[in-house]
Amino acid sequence: MNTLEKLKILSGAAKYDASCASSGSNRRNNPKGIGNTAVNGICHSWSEDGRCISLLKLLFTNFCIYDCAYCANRRSNDIPRAAFTVDEVVDLTIDFFKRNYIEGLFLSSAVFGSPDITLEKLVQITKKLRTERGFNGYIHLKVMPGASDMLFNEAGRYADRLSVNIELPSEKSLIYIAPDKKKENILLPMEKISKKIYETNEERKKTKKIPVYSPGGQSTQLIVGASPEDDKQIMRLTNSLYNKFHLKRVYYSAHVSVNDDSRLIFSEKPDMMREHRLYQADWLLRVYGFKLDDLVFSPDGTLSRDYDPKMEWAFLNIHLFPMEINKVEFEQLIRIPGIGFRTATKIINTRRFKSLDFEDLKKTGAVLKRARYFITCNGKRFDQIKIDPQSIKTNLLMYDKKPKSQQLSLFAM
Amino acid sequence: MNTFLYDGSFFGLLTALSHITEQNIGASDIKTQANYKGDLFSEPIIIETDTRKAEAFISKLSKISPDFNRTILFSYHSEIKDIEIKLLNFIRFALNKRKFPTDYTNPDINFILQTTRKVGLEIHRFKGLLRFREMEDNTLFAPIAPDHNIIFFLAKHFSSRIANEKWIIFDTKRHIVLEWDTEQISIYIDKERRFIPKNYAENEQEIQTLWQAYFKEIAIQNRKNPRLQKQFMPQRYWKYLTELHFAMF
Ligand code: SF4
């Protein structure tokens, strides 16, 4: 099999991993080497599904000894299989990188032989890139739960980011659907990685002679909609992953059935709306300083589909409104529906020169369609709508004719 | 109200801005000499570029805020028509208030701040969207056609990133060449395109094929969303993307 055929099979198998971040690390280059990393990450292209292409995402192989229900590569499936050689992956990475196709490599693998044997191959590739080819671009390794500590340590020494995918949001589902994996096997390595990152950072404060360890942190991915967990359970897990293990990112992937397996909830189409709402809620926790308790769930544990989580929070906390645009602090501004980070910054900046009226506010990029109910400008309301959730909802409906075809954007909150 | 003409250089523009604000003269227009079509009713005032004056002016502004450097540099390189007069109003406001203007409700200030952002965004975009091809002599070659004149701002990024290879970036609209010989950067204008290496490296086609296959494979079919793709990656940037077509030059 030639490299092109392998590439088709093994990138096709890797594409469902949502993570494409190349951020969080600032590895420098040297005059004889190739590559560095950009702290904020760089997108190089966008595929037809609108996702950013930043890393060369590959499985080393899709031969697998396990049989996870949700996975197309499970051993009981009859599909084309392939495996790269170490040099093929190394060459692809360098050839793509020097043409500026990518920021680096995101390497993962099915489990062949054993977790140790698999991870050893991945480490070999990373080591070769770093030490023999002088490669200083981004490397994200997805490590195999169950591999030895020694390999984990080596992996973190050469990679910028490590991840262990949780895949399913609860232990019960995990045992049921991925019988060969155990929660401890996943949470344990995450805990180990997070400890090692912390220790290394502490030691490096004293002496820079200690080599870095996964300087871009770690991340994970959850499959949503394959098992019965509700949004509330998922966000609770997310919250503890951020707080306990200091993860940089949690990714969510709406489930699409690739196998005919009765243990899984069947879904022909991915539930994009649900995925979107989870990302919005995640964003509020991670960036906007919201607490888990600030998220609003229905009695059956789901996030609202009609309104984004910030709007729902505002409905529930309607007594905090209206807020005066010319007075409240940044932290409060970003809690107002229709006002995001960038707009809030502009408002604060403009306030240094003048106080804003509604016309001015529009120019800062605030989405008045949504913000108007929650604010005053110099004591004035935009219109005389009563400030209660029901009247606001009625009004929103009247003005918002095509909410469904809207572009799903994180930043429009 | 006067029309001022400068030689089109960055220091020329700074000299003009310095002159006009110091003398506190009314200005209706600031143009490059090349763009001036003539006017029956008035004589334009011609500004002689004065490097010292220009430097003094920018350092005076930097003392008010370090943000002026980037704002003026990016606005100038935006090459947007009539940016000069907006920049003048922006600076007048700043000198008046002795602060970096961030009043987004003032149209000229808003425009200058947005323009700075836009140019910054385009620089960031091209760090990703630029594609090298390997030529016969192993030089990497990348044609670009950005909206704004941003090629200078790519020099540092690519010379530290791809340090061990020779490369050339060529702005096909403006005929500007940015060249890295693994030790030094040079920038020059080449209308005849003399420097363009003639043939591709032996495996160039093969690598592009692999890249195209990867690009196709990585998209999830039941999530297709070409509108979103175009929103992030506007079609005017597609011309030289090797993932979309074998990009000969
Ligand atoms: S171990 Fe990974 S590759 Fe193997 S079946 Fe499970 S999810 Fe799929």
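Throughout, protein chains are lettered first and strands after them, A, B, ... in sequence-line order, and every chain is numbered starting at 1.
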Handout entry: Partner of Leu178(B) by side-chain contact (heavy atoms from CB on, under 4.5 Å), out of Phe170(B), Trp167(B), Phe152(B)
Key = Trp167(B)

Problem - Engaged part of Lys98(A) at the chain B interface, taking heavy atoms whose separation is under 4.5 Å - result: both

Practice task
Output yes when Arg131(B) and Glu243(B) qualify as a salt bridge under the 4.0 Å nitrogen-oxygen rule, no when they do not.
Solution key: yes

Problem - Test: Lys142(A) cationic atom under 6.0 Å from Phe106(A) six-membered ring centre, within 45° of axis - result: no

Handout entry: Leading residue by heavy atom contact count with chain A [cutoff under 4.5 Å; candidates Ser159(B), Gly128(B), Ala142(B)]
Key = Gly128(B)

Exercise for the section: Among Thr182(B), Ile218(B), Ile162(B), single out the residue with the greatest number of heavy-atom pairs under 4.5 Å to chain A. Expected result: Ile218(B)

Fill in the blank from the handout: Interatomic distance, OG@Ser62(B) vs CG@Asp67(B), rounded to 0.5 Å, equals 9.5 Å

Handout entry: Within 45° cone of Phe158(B) ring axis and under 6.0 Å: Lys156(B) NZ or CZ
Key = no

Problem - Flag for Thr3(A)-Glu88(A): side-chain donor and acceptor within less than 3.5 Å - result: yes

Fill in the blank from the handout: Honestly, the part of Ile220(B) sitting under 4.5 Å from a heavy atom of chain A is both

Exercise for the section: Using the side chain to side chain donor-acceptor pair (under 3.5 Å) rule, take Gln212(B) and Gln208(B) through it: C-alpha gap first, then chi angles, then the decisive distance, then the call. Expected result: CA-CA 6 Å; Gln212(B) 287 169 7; Gln208(B) 285 189 27; 4.6 Å; no

Problem - chain B contact via Leu56(A) - side chain, backbone, both or neither, heavy atoms under 4.5 Å - result: both

Exercise for the section: For Ser54(A) and Tyr138(A), test the side chains for any donor-to-acceptor distance below 3.5 angstrom and give the result as yes or no. Expected result: no

Exercise for the section: Verify the distance criterion only: is there a donor paired with an acceptor across the side chains of Thr209(B) and Gln205(B) at less than 3.5 Å? Expected result: no

Exercise for the section: Identify the residues of residues 100-125 of chain B whose heavy atoms come closer than 4.5 Å to a heavy atom of chain A, ordered by number, or report 'none'. Expected result: Phe100(B), Pro101(B), Thr102(B), Asp103(B), Tyr104(B), Thr105(B), Asn110(B), Gln114(B), Arg117(B), His124(B)

Handout entry: Residue among Pro226(B), Ala213(B), Ala163(B) with most heavy-atom pairs under 4.5 Å to chain A
Key = Ala163(B)

Exercise for the section: Using a cut-off of under 4.5 Å on heavy-atom pairs, state which of Asn100(A), Ile102(A), Asn136(A) scores highest against chain B. Expected result: Asn100(A)

Exercise for the section: Check each atom of Tyr101(A) against the heavy atoms of chain B and say whether the ones under 4.5 Å are side chain, backbone, both or neither. Expected result: both

Completion exercise
In terms of heavy-atom pairs under 4.5 Å with chain B, the winner among His44(A), Glu359(A), Lys354(A), Lys8(A) is His44(A)

Handout entry: Any donor-acceptor N or O pair under 3.5 Å, side chains Asp357(A), Asn378(A)
Key = no

Handout entry: Best-contacting candidate, Leu58(A), Ile347(A), Asp95(A), Leu92(A), against chain B by heavy atom pairs under 4.5 angstrom
Key = Asp95(A)

